[in-house]
2 protein chains.
Amino acid sequence: MVELQTSPLDTIFHALADSTRRRMLSALGGGDRTVSQLAEPFSISLAAASKHIKVLEQAGLLRREIRGRTHVCRLDPGPLASAHQWLAAYEHFWTERLDVLERLLREEDARPSPPPTSLPPAEEGDDA
Amino acid sequence: MVELQTSPLDTIFHALADSTRRRMLSALGGGDRTVSQLAEPFSISLAAASKHIKVLEQAGLLRREIRGRTHVCRLDPGPLASAHQWLAAYEHFWTERLDVLERLLREEDARPSPPPTSLPPAEEGDDA
DNA sequence: CTGTAATTCAACCATGTGGTTGAATATGCA
DNA sequence: TGCATATTCAACCACATGGTTGAATTACAG
């Protein structure tokens, strides 16, 4: 496939698509953690945990400060904000449910094919 | 690996971790679309597009109504709301940046290892 | 120096992913 | 009936993913 164009959002969402990594982020939400501390709750090898941490790091969700022989990891919320922002574009779809119903009832006649409403930050500029 | 426990959030974030699928969601934001309509902007086979749509469907992001020989797809924003909500737990990390700085400056002495603050909807109950 | 602790690296494995192509399955239309 | 349209299915391929184990690297401690 060779995937020549991987957008930041691809990487961020992929990093979030694993519950081990999400729980690591949760832990980091409580403060800085070393690699071993992040790995501790899971019954996987340190090497496996190290790979997960690298995925988070490459998604920009985690900054690493090497202090002697231990690596201290800190949450970087920036990419989470990006993801949150992307999702926010769809917010009205789940918040204005009753509103939509109301609007439908208010309309004089039903349009057979409604003109595309289109999202503000979407279509081509989706990954920008 | 056999992945015996896949959480909904795993599936949702995985579905979002592909720009083709995100752009399909964008299109659906503008109204219902058939499979061919969703596939049209992309230079991939219909079979490949069909697979993407199935991923979105299994994540619950898309509902399909079979109308004769065409499948009409509709955006289901529910799972987007879940993802948005999960991210919202981290919102203060990117909104209260200056606040944190201020708090640090206000503190009398630096604690060497700060007591874990812990996130409200996180840790074990991350996927619930 | 020597041992141990923290972490990564490298090689390997099973399975998943995203793509292809060609055939199958309906459905609509003349 | 017969053909075109819309979509999926099945088999295949290259590569990614998440896990393992064992060795390498680096730093602290006696």
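Below, chain A is the first sequence line, B the second, and so on; all start at residue 1.
Between the P atom of C/dG16 and the CG atom of B/Asp10 lies a distance of 14 Å, rounded to the nearest Å. A straight line from CZ of A/Arg33 to P of C/dA6 spans 16 Å, rounded to a whole angstrom. Whole-Å rounding puts the A/Leu16 CG to D/dG18 C1' distance at 17 Å. Atom CZ of A/Phe42 and atom P of D/dG19 are 10 Å apart (whole Å). Going from atom CD1 of A/Ile44 over to atom C1' of D/dT17 covers 13 Å, rounded to whole Å. Remark: P of D/dT26 and CD1 of A/Ile66 are 11 Å apart, rounded to the nearest angstrom. In this structure, the CG atom of A/Leu46 is 12 Å from the P atom of D/dT21, given to the nearest Å. Straight-line distance from the CG atom of A/Asp18 to the C1' atom of D/dG19: 11 Å, rounded to whole Å.
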Trace of the side chain to side chain donor-acceptor pair (under 3.5 Å) decision for B/Tyr90 with B/Thr95: CA-CA 9 Å; B/Tyr90 295 84; B/Thr95 55; over 6 Å; no
Please determine whether side-chain contact (heavy atoms from CB on, under 4.5 Å) holds for the pair B/Arg33 and B/His71, giving the CA-CA distance in whole Å, both sets of side-chain angles, and the decisive distance to 0.1 Å. CA-CA 8 Å; B/Arg33 298 284 188 268; B/His71 297 202; over 6 Å; no
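At C/dT17, one or more side-chain N or O atoms of B/His14 fall inside 4.0 Å of OP1 or OP2 (strictly under the cut-off). Not one side-chain nitrogen or oxygen of A/Ser45 sits closer than 4.0 Å to the OP1 or OP2 atom of D/dG19. For C/dT8, the OP1/OP2 oxygens have a side-chain nitrogen or oxygen of A/His71 closer than 4.0 Å.
In this structure, the side chains of A/Asp76 and A/Leu62 stay at 4.5 Å or more apart for every pair of heavy atoms. Using a 4.5 Å heavy-atom cutoff, the side chains of B/Asp18 and B/Val55 are not in contact.
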Starting at the 5' end of nucleotides 22-30 of chain C, put B wherever the base has a protein heavy atom under 4.0 Å, S where only the sugar-phosphate does, and a dash everywhere else. -----BS--
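With sequence neighbours excluded, no residue forms a ring-ring contact (aromatic ring centres under 6.0 Å, His included) with A/His52.
Pairing each heavy atom of B/Ile12 with each of B/Pro79, the nearest pair is CD1-CB, 3.6 Å.
Judged purely by distance below 3.5 Å, without hydrogens or angles, the side chains of A/Ser7 and B/Arg22 pair a donor atom with an acceptor atom. For the residue pair B/His84 and A/His84, a side-chain donor N or O sits within less than 3.5 Å of a side-chain acceptor on the partner.
A/Arg64 has a carboxylate O that lies under 4.0 Å from a charged side-chain N of A/Glu57, or vice versa, which qualifies the two as a salt bridge.
Within residues 48-63 of chain B, the residues approached by DNA chain C to less than 4.0 Å at the level of any non-hydrogen atom are B/Ala48, B/Lys51, B/His52, in residue-number order.
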